[in-house]
2 protein chains.
Amino acid sequence: MSLRYALIALLTAQPMTGYEVSKRFGASVGHVWHAPDSQIYPELRKLEKEGLLVGEDVPWGTKTKTRYAVTEAGRQAFREWMNAPATPHYSRDPAYLRAAYLDQADPDRARQYLVRQKEFHAERLAVLEATRELLQARTHPVLAARFEHVPPEEHDRILAFRSYAYDGMIARERATIEWIDDGLRLLDTYS
Amino acid sequence: MSLRYALIALLTAQPMTGYEVSKRFGASVGHVWHAPDSQIYPELRKLEKEGLLVGEDVPWGTKTKTRYAVTEAGRQAFREWMNAPATPHYSRDPAYLRAAYLDQADPDRARQYLVRQKEFHAERLAVLEATRELLQARTHPVLAARFEHVPPEEHDRILAFRSYAYDGMIARERATIEWIDDGLRLLDTYS
DNA sequence: TGGCAATAACTATGTCCATAGGACATCGCT
DNA sequence: AGCGATGTCCTATGGACATAGTTATTGCCA
(Lines give C-alpha, C1' and ligand atoms only; values in the text may rest on other atoms or scores of the structure.)
Protein backbone atom coordinates (compact mmCIF):
# COMPACT_ATOMS: atom_id res chain seq x y z
CA MET A 1 0.00 0.00 0.00
CA SER A 2 2.94 2.33 0.36
CA LEU A 3 3.89 2.52 -3.30
CA ARG A 4 0.86 4.56 -4.20
CA TYR A 5 1.69 7.15 -1.60
CA ALA A 6 5.29 7.25 -2.69
CA LEU A 7 4.04 8.00 -6.20
CA ILE A 8 1.63 10.65 -5.07
CA ALA A 9 4.35 12.23 -2.96
CA LEU A 10 6.66 12.37 -5.94
CA LEU A 11 4.00 13.81 -8.22
CA THR A 12 3.12 16.59 -5.80
CA ALA A 13 6.52 18.07 -6.66
CA GLN A 14 5.45 18.41 -10.28
CA PRO A 15 3.37 16.56 -12.92
CA MET A 16 5.28 13.86 -14.77
CA THR A 17 4.88 11.20 -17.40
CA GLY A 18 5.26 7.55 -16.45
CA TYR A 19 8.78 7.51 -17.74
CA GLU A 20 9.78 10.59 -15.81
CA VAL A 21 8.26 9.08 -12.70
CA SER A 22 10.14 5.87 -13.15
CA LYS A 23 13.42 7.76 -13.67
CA ARG A 24 13.06 10.27 -10.87
CA PHE A 25 11.69 7.70 -8.54
CA GLY A 26 15.02 5.95 -8.31
CA ALA A 27 16.82 9.13 -7.28
CA SER A 28 14.34 10.33 -4.68
CA VAL A 29 11.44 8.47 -3.07
CA GLY A 30 12.91 5.31 -4.51
CA HIS A 31 15.69 5.48 -1.92
CA VAL A 32 13.01 5.19 0.64
CA TRP A 33 10.66 2.83 -1.14
CA HIS A 34 12.10 0.99 -4.10
CA ALA A 35 9.87 -0.12 -7.00
CA PRO A 36 10.48 -1.34 -10.55
CA ASP A 37 8.79 0.01 -13.69
CA SER A 38 6.52 -2.98 -13.83
CA GLN A 39 4.89 -1.80 -10.66
CA ILE A 40 4.96 1.90 -11.35
CA TYR A 41 3.11 2.01 -14.66
CA PRO A 42 0.14 -0.14 -13.59
CA GLU A 43 -0.09 1.67 -10.26
CA LEU A 44 -0.22 5.04 -11.99
CA ARG A 45 -3.09 3.86 -14.16
CA LYS A 46 -4.85 2.47 -11.14
CA LEU A 47 -4.46 5.75 -9.29
CA GLU A 48 -5.88 7.58 -12.28
CA LYS A 49 -8.89 5.25 -12.38
CA GLU A 50 -9.47 5.95 -8.71
CA GLY A 51 -9.30 9.67 -9.31
CA LEU A 52 -6.21 10.33 -7.20
CA LEU A 53 -4.32 11.34 -10.32
CA VAL A 54 -5.42 12.95 -13.58
CA GLY A 55 -3.75 11.93 -16.78
CA GLU A 56 -3.31 14.41 -19.60
CA ASP A 57 -2.53 12.99 -23.04
CA VAL A 58 0.63 14.39 -24.56
CA PRO A 59 1.48 13.62 -28.22
CA TRP A 60 4.53 11.46 -28.60
CA GLY A 61 5.45 10.45 -32.14
CA THR A 62 2.40 8.89 -33.74
CA LYS A 63 1.09 7.94 -30.31
CA THR A 64 0.48 9.69 -27.03
CA LYS A 65 1.96 9.40 -23.58
CA THR A 66 0.28 10.41 -20.37
CA ARG A 67 1.36 13.16 -18.02
CA TYR A 68 0.02 12.59 -14.55
CA ALA A 69 -0.85 15.21 -11.98
CA VAL A 70 -2.13 14.80 -8.44
CA THR A 71 -5.78 15.72 -7.91
CA GLU A 72 -7.24 17.26 -4.79
CA ALA A 73 -8.59 13.80 -3.93
CA GLY A 74 -5.04 12.51 -4.25
CA ARG A 75 -3.71 15.15 -1.88
CA GLN A 76 -6.47 14.32 0.52
CA ALA A 77 -5.78 10.57 0.37
CA PHE A 78 -2.13 11.26 1.04
CA ARG A 79 -2.91 13.42 4.04
CA GLU A 80 -5.22 10.74 5.41
CA TRP A 81 -2.53 8.14 5.03
CA MET A 82 -0.04 10.38 6.79
CA ASN A 83 -2.47 10.90 9.63
CA ALA A 84 -3.45 7.24 9.98
CA PRO A 85 -2.31 5.34 13.07
CA ALA A 86 0.92 3.38 12.79
CA THR A 87 0.82 -0.22 11.74
CA PRO A 88 3.49 -2.62 12.93
CA HIS A 89 5.87 -3.73 10.27
CA TYR A 90 7.74 -6.99 10.22
CA SER A 91 11.31 -6.58 9.22
CA ARG A 92 12.42 -9.32 6.89
CA ASP A 93 16.05 -9.04 6.04
CA PRO A 94 17.68 -12.11 4.53
CA ALA A 95 21.02 -10.89 5.88
CA TYR A 96 20.01 -11.70 9.44
CA LEU A 97 18.83 -15.13 8.43
CA ARG A 98 22.12 -15.91 6.78
CA ALA A 99 24.07 -14.41 9.64
CA ALA A 100 22.34 -16.63 12.15
CA TYR A 101 23.50 -19.74 10.31
CA LEU A 102 26.88 -18.58 9.15
CA ASP A 103 28.38 -21.45 11.12
CA GLN A 104 27.03 -23.77 8.42
CA ALA A 105 28.78 -22.00 5.59
CA ASP A 106 32.27 -22.58 4.35
CA PRO A 107 34.33 -19.94 6.22
CA ASP A 108 35.86 -18.54 3.04
CA ARG A 109 32.49 -18.24 1.38
CA ALA A 110 31.11 -16.66 4.50
CA ARG A 111 33.90 -14.12 4.43
CA GLN A 112 33.31 -13.37 0.74
CA TYR A 113 29.65 -12.99 1.45
CA LEU A 114 30.20 -10.50 4.25
CA VAL A 115 32.72 -8.50 2.25
CA ARG A 116 30.27 -8.25 -0.63
CA GLN A 117 27.50 -7.22 1.72
CA LYS A 118 29.73 -4.55 3.12
CA GLU A 119 30.34 -3.22 -0.38
CA PHE A 120 26.63 -3.05 -1.10
CA HIS A 121 25.98 -1.14 2.07
CA ALA A 122 28.94 1.15 1.58
CA GLU A 123 27.67 2.01 -1.90
CA ARG A 124 24.21 2.64 -0.64
CA LEU A 125 25.57 4.75 2.17
CA ALA A 126 27.48 6.85 -0.35
CA VAL A 127 24.36 7.37 -2.46
CA LEU A 128 22.32 8.31 0.57
CA GLU A 129 24.95 10.76 1.79
CA ALA A 130 25.27 12.32 -1.64
CA THR A 131 21.51 12.70 -1.91
CA ARG A 132 21.39 14.24 1.51
CA GLU A 133 23.97 16.77 0.38
CA LEU A 134 21.86 17.60 -2.66
CA LEU A 135 18.87 18.12 -0.45
CA GLN A 136 20.77 20.37 1.95
CA ALA A 137 22.08 22.41 -0.96
CA ARG A 138 18.50 22.58 -2.25
CA THR A 139 19.68 21.51 -5.66
CA HIS A 140 17.99 18.14 -5.67
CA PRO A 141 15.81 18.35 -8.81
CA VAL A 142 12.62 17.01 -7.26
CA LEU A 143 12.96 19.20 -4.20
CA ALA A 144 13.79 22.23 -6.33
CA ALA A 145 10.71 21.64 -8.47
CA ARG A 146 8.63 21.43 -5.33
CA PHE A 147 10.04 24.62 -3.87
CA GLU A 148 8.97 26.55 -6.95
CA HIS A 149 5.33 26.37 -5.98
CA VAL A 150 5.64 26.24 -2.19
CA PRO A 151 5.87 29.41 -0.08
CA PRO A 152 9.48 30.05 1.02
CA GLU A 153 8.66 30.01 4.72
CA GLU A 154 7.81 26.31 4.43
CA HIS A 155 11.06 25.35 2.78
CA ASP A 156 13.06 24.79 5.95
CA ARG A 157 10.43 22.61 7.46
CA ILE A 158 10.09 20.43 4.38
CA LEU A 159 13.83 20.11 4.06
CA ALA A 160 14.16 19.20 7.72
CA PHE A 161 11.87 16.19 7.40
CA ARG A 162 13.33 14.99 4.12
CA SER A 163 16.78 15.13 5.68
CA TYR A 164 15.48 13.40 8.75
CA ALA A 165 14.42 10.40 6.69
CA TYR A 166 17.84 10.24 5.10
CA ASP A 167 19.48 10.54 8.52
CA GLY A 168 17.62 7.44 9.60
CA MET A 169 18.64 5.47 6.56
CA ILE A 170 22.23 6.66 6.82
CA ALA A 171 22.40 5.70 10.49
CA ARG A 172 21.04 2.29 9.63
CA GLU A 173 23.61 1.74 6.92
CA ARG A 174 26.42 2.78 9.22
CA ALA A 175 25.19 0.43 11.92
CA THR A 176 24.90 -2.36 9.40
CA ILE A 177 28.45 -1.85 8.20
CA GLU A 178 29.74 -2.01 11.76
CA TRP A 179 27.76 -5.14 12.31
CA ILE A 180 29.29 -6.72 9.22
CA ASP A 181 32.75 -5.87 10.54
CA ASP A 182 31.86 -7.63 13.76
CA GLY A 183 30.87 -10.62 11.67
CA LEU A 184 34.21 -10.67 9.91
CA ARG A 185 35.97 -10.61 13.27
CA LEU A 186 33.73 -13.42 14.46
CA LEU A 187 34.74 -15.49 11.47
CA ASP A 188 38.37 -14.89 12.32
CA THR A 189 37.79 -16.09 15.86
CA TYR A 190 35.97 -19.25 14.86
CA SER A 191 37.97 -20.61 11.98
CA MET B 1 13.07 -17.55 -1.47
CA SER B 2 14.29 -17.13 2.08
CA LEU B 3 11.30 -18.66 3.78
CA ARG B 4 12.18 -22.15 2.65
CA TYR B 5 15.65 -21.89 4.13
CA ALA B 6 14.29 -20.49 7.34
CA LEU B 7 12.05 -23.55 7.55
CA ILE B 8 14.84 -25.97 6.76
CA ALA B 9 17.04 -24.27 9.32
CA LEU B 10 14.37 -24.66 11.96
CA LEU B 11 13.73 -28.29 11.11
CA THR B 12 17.40 -29.21 11.34
CA ALA B 13 17.05 -28.66 15.08
CA GLN B 14 14.48 -31.43 15.25
CA PRO B 15 11.58 -32.88 13.18
CA MET B 16 8.28 -31.10 13.70
CA THR B 17 4.69 -31.09 12.53
CA GLY B 18 3.34 -28.09 10.67
CA TYR B 19 1.77 -26.75 13.79
CA GLU B 20 4.93 -27.06 15.82
CA VAL B 21 6.81 -25.34 13.05
CA SER B 22 4.37 -22.47 12.95
CA LYS B 23 4.56 -22.07 16.75
CA ARG B 24 8.30 -22.36 17.17
CA PHE B 25 8.91 -20.27 14.12
CA GLY B 26 7.57 -17.21 15.84
CA ALA B 27 9.96 -17.61 18.77
CA SER B 28 13.11 -18.33 16.80
CA VAL B 29 13.79 -17.95 13.08
CA GLY B 30 10.61 -15.94 12.89
CA HIS B 31 12.37 -13.08 14.63
CA VAL B 32 14.68 -13.02 11.72
CA TRP B 33 12.27 -13.85 8.94
CA HIS B 34 8.60 -13.49 9.81
CA ALA B 35 5.96 -15.61 8.08
CA PRO B 36 2.29 -16.41 8.74
CA ASP B 37 0.74 -19.90 8.82
CA SER B 38 -0.72 -19.41 5.41
CA GLN B 39 2.75 -19.35 3.98
CA ILE B 40 4.29 -21.98 6.20
CA TYR B 41 1.93 -24.88 5.53
CA PRO B 42 2.02 -24.65 1.73
CA GLU B 43 5.76 -24.15 1.74
CA LEU B 44 6.29 -27.25 3.85
CA ARG B 45 4.29 -29.29 1.40
CA LYS B 46 6.20 -27.82 -1.49
CA LEU B 47 9.50 -28.64 0.16
CA GLU B 48 8.33 -32.19 0.71
CA LYS B 49 7.35 -32.52 -2.94
CA GLU B 50 10.80 -31.31 -3.92
CA GLY B 51 12.42 -33.85 -1.64
CA LEU B 52 14.05 -31.37 0.72
CA LEU B 53 11.83 -32.59 3.53
CA VAL B 54 10.27 -35.98 4.27
CA GLY B 55 6.85 -36.10 5.80
CA GLU B 56 5.92 -38.91 8.14
CA ASP B 57 2.22 -39.45 8.81
CA VAL B 58 1.31 -39.37 12.47
CA PRO B 59 -2.21 -40.39 13.56
CA TRP B 60 -4.24 -37.53 14.92
CA GLY B 61 -7.85 -38.36 15.83
CA THR B 62 -9.50 -39.99 12.87
CA LYS B 63 -7.05 -38.24 10.55
CA THR B 64 -3.33 -37.86 10.34
CA LYS B 65 -0.93 -34.99 10.64
CA THR B 66 2.51 -34.83 9.08
CA ARG B 67 5.80 -34.67 10.89
CA TYR B 68 8.50 -33.17 8.69
CA ALA B 69 12.19 -33.93 8.80
CA VAL B 70 15.00 -32.49 6.71
CA THR B 71 16.47 -34.86 4.13
CA GLU B 72 20.09 -34.97 3.05
CA ALA B 73 19.01 -33.12 -0.11
CA GLY B 74 17.51 -30.48 2.16
CA ARG B 75 20.72 -30.08 4.11
CA GLN B 76 22.61 -29.85 0.86
CA ALA B 77 20.27 -27.19 -0.55
CA PHE B 78 20.66 -25.20 2.62
CA ARG B 79 24.44 -25.38 2.45
CA GLU B 80 24.36 -24.27 -1.17
CA TRP B 81 22.19 -21.32 -0.29
CA MET B 82 24.53 -20.36 2.53
CA ASN B 83 27.48 -20.53 0.18
CA ALA B 84 25.84 -18.63 -2.67
CA PRO B 85 27.09 -15.13 -3.47
CA ALA B 86 25.27 -12.26 -1.85
CA THR B 87 22.38 -10.62 -3.65
CA PRO B 88 21.61 -6.96 -3.07
CA HIS B 89 18.47 -6.35 -1.13
CA TYR B 90 16.25 -3.33 -1.38
CA SER B 91 15.16 -2.05 1.95
CA ARG B 92 11.56 -1.00 1.92
CA ASP B 93 10.48 0.41 5.22
CA PRO B 94 7.27 2.45 5.24
CA ALA B 95 8.57 4.29 8.29
CA TYR B 96 11.14 6.16 6.21
CA LEU B 97 8.56 7.09 3.65
CA ARG B 98 6.29 8.54 6.26
CA ALA B 99 9.16 10.24 7.99
CA ALA B 100 10.18 12.01 4.81
CA TYR B 101 6.75 13.60 4.50
CA LEU B 102 5.98 14.18 8.13
CA ASP B 103 5.74 17.87 7.34
CA GLN B 104 2.44 17.09 5.63
CA ALA B 105 0.87 15.46 8.66
CA ASP B 106 -0.98 17.13 11.43
CA PRO B 107 1.73 17.67 14.10
CA ASP B 108 -0.28 15.96 16.84
CA ARG B 109 -0.95 12.96 14.65
CA ALA B 110 2.68 12.87 13.67
CA ARG B 111 3.66 12.84 17.32
CA GLN B 112 1.18 10.06 18.09
CA TYR B 113 2.51 8.12 15.16
CA LEU B 114 6.10 8.39 16.32
CA VAL B 115 5.26 7.51 19.89
CA ARG B 116 3.43 4.42 18.72
CA GLN B 117 6.32 3.45 16.48
CA LYS B 118 8.64 3.82 19.41
CA GLU B 119 6.48 1.46 21.44
CA PHE B 120 6.56 -1.15 18.69
CA HIS B 121 10.31 -0.99 18.47
CA ALA B 122 10.76 -0.99 22.22
CA GLU B 123 8.64 -4.12 22.45
CA ARG B 124 10.52 -5.81 19.70
CA LEU B 125 13.79 -4.82 21.30
CA ALA B 126 12.66 -6.40 24.56
CA VAL B 127 11.72 -9.64 22.80
CA LEU B 128 15.02 -9.75 20.97
CA GLU B 129 17.00 -9.12 24.12
CA ALA B 130 15.06 -11.76 26.02
CA THR B 131 15.62 -14.26 23.24
CA ARG B 132 19.27 -13.45 23.20
CA GLU B 133 19.42 -14.16 26.91
CA LEU B 134 17.75 -17.52 26.36
CA LEU B 135 20.29 -18.36 23.71
CA GLN B 136 23.22 -17.38 25.91
CA ALA B 137 21.83 -19.47 28.74
CA ARG B 138 21.40 -22.30 26.22
CA THR B 139 17.87 -22.80 27.39
CA HIS B 140 16.20 -21.68 24.20
CA PRO B 141 14.10 -24.75 23.26
CA VAL B 142 15.06 -24.87 19.60
CA LEU B 143 18.73 -24.40 20.36
CA ALA B 144 18.61 -26.96 23.16
CA ALA B 145 17.00 -29.49 20.83
CA ARG B 146 19.72 -28.85 18.29
CA PHE B 147 22.50 -29.25 20.83
CA GLU B 148 21.26 -32.72 21.72
CA HIS B 149 22.48 -34.12 18.44
CA VAL B 150 25.43 -31.86 17.77
CA PRO B 151 28.92 -32.56 19.19
CA PRO B 152 29.62 -30.30 22.21
CA GLU B 153 32.73 -28.74 20.66
CA GLU B 154 30.53 -27.09 18.04
CA HIS B 155 28.15 -25.54 20.54
CA ASP B 156 30.10 -22.35 21.14
CA ARG B 157 30.48 -21.65 17.46
CA ILE B 158 26.78 -22.16 16.72
CA LEU B 159 25.81 -20.02 19.67
CA ALA B 160 28.19 -17.27 18.58
CA PHE B 161 26.57 -16.88 15.19
CA ARG B 162 23.03 -17.09 16.49
CA SER B 163 23.85 -14.37 18.99
CA TYR B 164 25.55 -12.38 16.30
CA ALA B 165 22.35 -12.23 14.28
CA TYR B 166 20.45 -11.04 17.33
CA ASP B 167 23.14 -8.47 18.05
CA GLY B 168 22.53 -7.00 14.63
CA MET B 169 18.80 -6.82 15.07
CA ILE B 170 19.15 -5.39 18.56
CA ALA B 171 21.54 -2.71 17.34
CA ARG B 172 19.12 -1.84 14.58
CA GLU B 173 16.21 -1.50 16.99
CA ARG B 174 18.25 0.69 19.30
CA ALA B 175 19.27 2.91 16.41
CA THR B 176 15.69 3.11 15.24
CA ILE B 177 14.49 4.16 18.67
CA GLU B 178 17.08 6.91 18.82
CA TRP B 179 16.05 8.04 15.38
CA ILE B 180 12.43 8.22 16.49
CA ASP B 181 13.46 10.35 19.45
CA ASP B 182 15.19 12.68 17.01
CA GLY B 183 11.93 12.84 15.09
CA LEU B 184 10.02 13.84 18.17
CA ARG B 185 12.50 16.59 18.85
CA LEU B 186 12.21 17.73 15.25
CA LEU B 187 8.46 17.97 15.63
CA ASP B 188 8.94 20.13 18.71
CA THR B 189 11.20 22.43 16.77
CA TYR B 190 8.88 22.84 13.83
CA SER B 191 5.45 23.27 15.38
C1' DT C 1 -21.78 -36.04 29.94
C1' DG C 2 -22.38 -31.87 27.76
C1' DG C 3 -20.33 -27.80 26.80
C1' DC C 4 -16.55 -24.67 26.14
C1' DA C 5 -11.82 -23.12 25.78
C1' DA C 6 -7.63 -24.17 24.08
C1' DT C 7 -5.01 -26.71 20.85
C1' DA C 8 -3.97 -28.29 16.20
C1' DA C 9 -4.07 -28.17 11.23
C1' DC C 10 -5.05 -26.03 7.26
C1' DT C 11 -7.37 -22.98 3.12
C1' DA C 12 -9.06 -19.10 0.09
C1' DT C 13 -8.43 -14.89 -1.89
C1' DG C 14 -6.38 -10.98 -3.53
C1' DT C 15 -2.56 -7.88 -3.75
C1' DC C 16 2.32 -6.91 -3.92
C1' DC C 17 6.46 -7.51 -6.07
C1' DA C 18 10.52 -9.38 -8.99
C1' DT C 19 12.24 -10.98 -13.22
C1' DA C 20 12.30 -10.61 -17.73
C1' DG C 21 11.14 -9.03 -21.35
C1' DG C 22 8.72 -6.16 -25.91
C1' DA C 23 7.89 -2.33 -29.01
C1' DC C 24 8.27 2.07 -30.81
C1' DA C 25 10.84 6.93 -31.13
C1' DT C 26 14.49 10.01 -31.67
C1' DC C 27 19.14 11.37 -32.62
C1' DG C 28 23.52 11.42 -34.65
C1' DC C 29 26.38 9.52 -37.86
C1' DT C 30 27.92 7.93 -42.43
C1' DA D 1 18.77 7.06 -46.82
C1' DG D 2 20.00 3.75 -43.67
C1' DC D 3 21.72 2.10 -39.19
C1' DG D 4 22.74 1.65 -34.45
C1' DA D 5 22.59 3.68 -29.90
C1' DT D 6 19.89 5.32 -26.69
C1' DG D 7 15.56 7.07 -24.93
C1' DT D 8 10.68 6.21 -23.90
C1' DC D 9 6.79 3.51 -22.62
C1' DC D 10 4.80 -0.47 -21.33
C1' DT D 11 3.38 -5.85 -20.51
C1' DA D 12 3.30 -10.86 -19.06
C1' DT D 13 4.02 -14.13 -15.75
C1' DG D 14 4.65 -16.31 -11.53
C1' DG D 15 5.92 -16.31 -6.93
C1' DA D 16 5.68 -13.98 -2.26
C1' DC D 17 2.87 -12.25 1.15
C1' DA D 18 -1.16 -10.41 4.09
C1' DT D 19 -5.69 -10.87 5.75
C1' DA D 20 -9.07 -13.47 7.13
C1' DG D 21 -11.03 -17.18 7.59
C1' DT D 22 -12.48 -22.90 8.47
C1' DT D 23 -12.60 -27.45 10.59
C1' DA D 24 -11.21 -30.97 13.76
C1' DT D 25 -9.33 -32.62 18.46
C1' DT D 26 -8.30 -32.63 23.26
C1' DG D 27 -8.74 -31.44 28.05
C1' DC D 28 -11.26 -29.92 31.63
C1' DC D 29 -14.80 -29.04 34.84
C1' DA D 30 -19.64 -28.16 36.13
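Computed from a prediction, not measured in an experiment: that's the story for all the values here. Sequence lines set the chain letters: A, B, ... in the order given, protein chains first and strands last, and positions in each chain run from 1.
With hydrogens and angles left out, the side-chain atoms of B/His31 and B/Tyr166 include a donor and acceptor closer than 3.5 Å. For the residue pair A/Arg79/A/Gln76, the side-chain donor-acceptor check at 3.5 Å is satisfied.
The aromatic rings of A/Tyr164 and B/Trp179 sit parallel, their planes meeting at an angle under 30°, below the 60° perpendicular limit.
Distance B/Glu43 CD to D/dA16 P: 6 Å, rounded to the nearest Å. Here C/dA9 presents its P atom at 17 Å from CZ of B/Phe25, a figure rounded to the nearest Å. With rounding to whole Å, A/Ile40 atom CD1 is found 20 Å from C/dT15 atom P. The CE-P distance, from B/Met16 to C/dC10, rounds to 15 Å in whole Å. Distance CZ (A/Arg92) to P (D/dA16): 12 Å, rounded to an integer number of Å. Taking atom CZ on A/Arg67 and atom P on D/dC10, their separation rounds to 12 Å, with Å as the unit. If you take CG of B/Leu47 and P of D/dG15, they are 14 Å apart, rounded to a whole angstrom. If you take CG of B/Leu44 and P of C/dC10, they are 9 Å apart, rounded to a whole angstrom.
Cation-pi geometry between B/Arg116 and B/Phe120 is met: under 6.0 angstrom from the ring centre, within 45 degrees of the axis. Stacking of B/Arg138 on the aromatic ring of B/Phe147 is not recorded, the 6.0 Å distance cut-off and the 45° axial limit not both being met.
Criterion: ILVMFWY side-chain heavy atoms under 4.5 Å apart, direct or through other members. Under it, A/Leu47 and A/Tyr41 are not part of a common hydrophobic cluster.
Contact between B/Met16 and B/Leu11 at its shortest, heavy atoms only, is N-CD2, 3.5 Å.
In this model, the phosphate group of C/dC16 is approached by a side-chain N or O of A/Lys46 to a distance below 4.0 Å at OP1 or OP2. For the OP1/OP2 pair of C/dA9 and a distance below 4.0 Å, the side-chain nitrogens and oxygens of B/Tyr19 include no atom meeting the criterion.
The side chain of A/Leu3 approaches C/dC17 more closely than any other nucleotide in the set D/dA18, C/dC17, C/dA18. Taking every side-chain heavy atom of B/Thr66 into account, C/dC10 is the closest of C/dA9, C/dT19, C/dC10.
Each of A/Ala35 and B/Gly18 lies near DNA chain C, and the nucleotide nearest B/Gly18 is the one positioned closer to the 5' end.
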Polar atom pairs between nucleotides 11-14 of chain C and protein, under 3.5 Å, N or O only, would you list them?
unit_1	atom_1	unit_2	atom_2	d
C/dT11	OP2	B/Arg45	NH1	3.2
C/dT11	OP2	B/Arg45	NH2	2.7

